[in-house]
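Just so it is clear, the structure is predicted and the values come from calculations on it, not from any experiment.
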Amino acid sequence: MTLPENLLHFIWKYRLYRVRGMASVSGNNLDVLDTGTHNTDAGADFHSARIRIGMTEWSGNVEIHWRTSEWELHRHHWDQAYNNVILHVVYEHDKTITRADGTIPETLELKPLIPAHILPKYREMMAHMHWIPCEKHIHRVSSFQLTSWLSRLLVERFEHRVAAVYQLLAQQRGSWEDTCYLWMARSFGFKVNAPAFEQLAYAVPFNLVVRYRHRPTAIEALFFGQAGLLDTIGFTDDYPRALQAEYAYLRKLHRLLPMDASAWKSMRTRPGNFPSMRIAQFAAFCQRLPQLLPAILETPTREMPGALFGALPVNRYWKNHYRFDVPAAVHSTQLGDQSMAILLINAVAVILFAYGKYIGKEMYIYRAIALLERLKAEDNVIIRRFSTLGVQAAHAAESQALLQLKACYCDNKKCLDCSIGLSVIKYKKDD
């Protein structure tokens with residue numbers, strides 16, 4: 001059975017083979033001093049390796065194949081760039097080959113050197129349809145190794161999101177205020193209405209928000225009107241009728257075009273997450289914080305939940321409404337603890353990290369991480385499933401890392417790129 005070449009890269013990189021008494025197929029003793037740097041671009045698989053062959057120490061490249069004959073299949077015997085390959089590593093040696101200059105490279109056959117449990121363990125993880133490939137083994141990974149890997153995954157998750165922030169920043173011609181506004185708006189939509197909220201933020205430019213922030217009715221009229229929620233004819237309540245009149249004036253003054261209200265989703269959504277409630281909260285948030293980036297940068301981490309999202313000046317109409325003209329039992333108009341945590345995780349922390357990286361100040365990067373470490377771990381189906389497998393998230397930083405692990409490694413079976421996968425495949429002992 002032929003296995004993927006990246007498995008051989010993995011075995012070579014982490015020295016998952018017997019190192020004593022190694023010899024090339026030509027009979028020369030081999031001592032691997034440095035496996036080299038893994039190359040994922042064109043050229044040999046590992047650069048700058050150091051190998052002692054016989055009595056001579058060599059420095060150069062290492063090329064890896066399943067069988068020796070693949071050297072010719074990939075036409076390396078015609079490529080001058082492969083003349084500096086000092087060692088050809090193969091799982092199975094089946095043919096003598098030459099470099100482009102006519103010399104024969106030393107070849108190491110790994111097949112008799114690989115411990116018996118390595119390949120079966122890999123096949124097991126790849127073949128079974130578990131929730132994650134290492135489902136039966138992850139609980140055996142040491143807490144130190146797991147914590148270290150989760151720390152790296154958290155930074156990786158930030159990096160993925162930072163790329164989206166920078167793309168938005170470029171679209172806004174370097175304006176961090178506009179970028180923060182758009183990113184925050186999308187986060188206020190949470191998962192269901194994130195695209196619609198982003199569309200709304202484009203429909204209500206930040207300069208208009210700043211211009212009218214001292215006029216709550218104008219701000220609310222702009223958001224609800226541009227959201228397409230004031231198009232109803234014959235409102236009975238005074239509040240939506242007042243918003244409708246204000247929006248008619250502002251729409252004509254600023255030549256505004258509203259969204260299609262069908263962009264908003266309410267089905268299978270709790271009343272507190274209805275678009276109208278979230279828009280009312282976002283309007284109140286924008287009224288209180290005219291400058292978003294300074295507020296995020298200057299607010300102490302421990303004070304962020306309350307300072308940014310607590311006691312929002314939401315119009316009292318929403319105390320007993322979730323929709324216009326539809327009375328409801330009295331309820332809170334404020335963001336709940338879980339909603340504030342989601343905004344801190346998905347918006348505030350990401351902006352802190354992105355801005356810190358952008359201006360080269362690690363202080364903001366560390367603050368972003370510290371913020372997540374102060375928040376409770378998220379409670380969702382993925383985090384609960386990891387918990388049943390013995391992996392407990394101590395705080396939001398670790399729950400975010402576990403989400404990254406599941407989405408980018410487990411779901412794609414990238415076990416060979418995962419520290420947990422290394423641990424599971426490497427160690428033979430099963431408890």
Side-chain angles (χ1 to χ4, degrees), residues 2-115 118-119 121-122 126 149 152 156 408-409 412-427:
T2 300
L3 293 171
E5 193 172 287
N6 63 342
L7 174 59
L8 296 181
H9 295 175
F10 178 86
I11 289 171
W12 171 259
K13 182 177 180 178
Y14 294 104
R15 300 174 185 258
L16 304 184
Y17 45 82
R18 176 172 51 81
V19 297
R20 289 188 178 182
M22 282 198 306
S24 67
V25 296
S26 64
N28 287 314
N29 293 332
L30 280 176
D31 187 7
V32 180
L33 305 177
D34 189 334
T35 58
T37 302
H38 196 185
N39 173 40
T40 56
D41 296 320
D45 295 316
F46 287 82
H47 291 171
S48 304
R50 290 172 48 237
I51 314 290
R52 183 179 292 115
I53 304 174
M55 301 299 293
T56 304
E57 183 177 319
W58 297 83
S59 179
N61 297 339
V62 171
E63 179 67 4
I64 296 178
H65 289 124
W66 177 252
R67 292 186 175 87
T68 319
S69 54
E70 291 177 12
W71 177 276
E72 294 181 349
L73 185 64
H74 297 168
R75 302 184 182 277
H76 297 333
H77 60 307
W78 290 346
D79 192 338
Q80 298 287 338
Y82 285 83
N83 283 341
N84 61 1
V85 169
I86 59 173
L87 184 65
H88 189 205
V89 177
V90 300
Y91 176 74
E92 187 174 71
H93 178 61
D94 65 342
K95 184 178 183 180
T96 299
I97 47 89
T98 62
R99 302 184 183 93
D101 61 9
T103 59
I104 300 174
E106 292 285 358
T107 300
L108 172 66
E109 184 180 42
L110 288 177
K111 186 175 182 178
L113 304 176
I114 299 174
I118 296 288
L119 299 186
K121 184 70 69 67
Y122 175 80
M126 293 298 105
W149 179 233
R152 288 183 57 187
E156 182 180 293
C408 296
Y409 292 85
N412 298 316
K413 291 197 172 184
K414 294 179 65 176
C415 306
L416 301 181
D417 298 319
C418 174
S419 180
I420 295 171
L422 167 64
S423 180
V424 169
I425 294 174
K426 183 177 180 180
Y427 294 106

Determine whether a donor-acceptor pair (N or O, by modelled atom type, separation under 3.5 Å) exists between the side chain of [X] and the backbone of [Y].
{"X": "Asp79", "Y": "Ala81", "value": "yes"}
{"X": "Asn83", "Y": "Arg99", "value": "no"}
{"X": "Trp12", "Y": "Thr35", "value": "yes"}
{"X": "Asp94", "Y": "Ser69", "value": "yes"}
{"X": "Arg152", "Y": "Ser419", "value": "no"}

For Tyr122 and Ile11, what are the C-alpha separation, side-chain angles and deciding distance, and is it a side chain to side chain contact (heavy atoms under 4.5 Å, CB included)? CA-CA 11 Å; Tyr122 175 80; Ile11 289 171; over 6 Å; no
Asp45 side chain near Leu8 side chain, heavy-atom distance below 4.5 Å: no
Can you check whether Leu87 reaches Leu30 side chain to side chain, under 4.5 Å on heavy atoms? yes
To the nearest 0.5 Å, what is the distance between [atom1] on [X] and [atom2] on [Y]?
{"X": "Lys95", "Y": "Thr107", "atom1": "NZ", "atom2": "OG1", "answer": "12.5 Å"}
{"X": "Asn28", "Y": "Ile51", "atom1": "CG", "atom2": "CD1", "answer": "13.0 Å"}
{"X": "Ile425", "Y": "Ile420", "atom1": "CD1", "atom2": "CD1", "answer": "12.0 Å"}
{"X": "Ile104", "Y": "Ser24", "atom1": "CD1", "atom2": "OG", "answer": "11.0 Å"}
{"X": "His9", "Y": "Asp417", "atom1": "NE2", "atom2": "CG", "answer": "11.5 Å"}

For His65 and His74, test the side chains for any donor-to-acceptor distance below 3.5 angstrom and give the result as yes or no.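 Yes, side-chain donor-acceptor contact under 3.5 Å.
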For His47 and Thr37, does a side-chain donor sit closer than 3.5 Å to a side-chain acceptor? no
Which residue in the set His93, Glu92, His88 passes side-chain hydrogen bond (donor to acceptor under 3.5 Å, both in side chains) when paired with Thr68? His93
Which of these passes side-chain hydrogen bond (donor to acceptor under 3.5 Å, both in side chains) with Asp31: Arg52, Arg20, Arg50? Arg52
Would Tyr82 and Trp71 count as a side chain to side chain contact (heavy atoms under 4.5 Å, CB included) here? Give the steps. CA-CA 10 Å; Tyr82 285 83; Trp71 177 276; 4.0 Å; yes
Let's go through His77 and Thr98 carefully: what are the C-alpha distance in whole Å and the side-chain angles of both, what is the deciding distance for side-chain hydrogen bond (donor to acceptor under 3.5 Å, both in side chains) to 0.1 Å, and is it a yes or a no? CA-CA 6 Å; His77 60 307; Thr98 62; over 6 Å; no
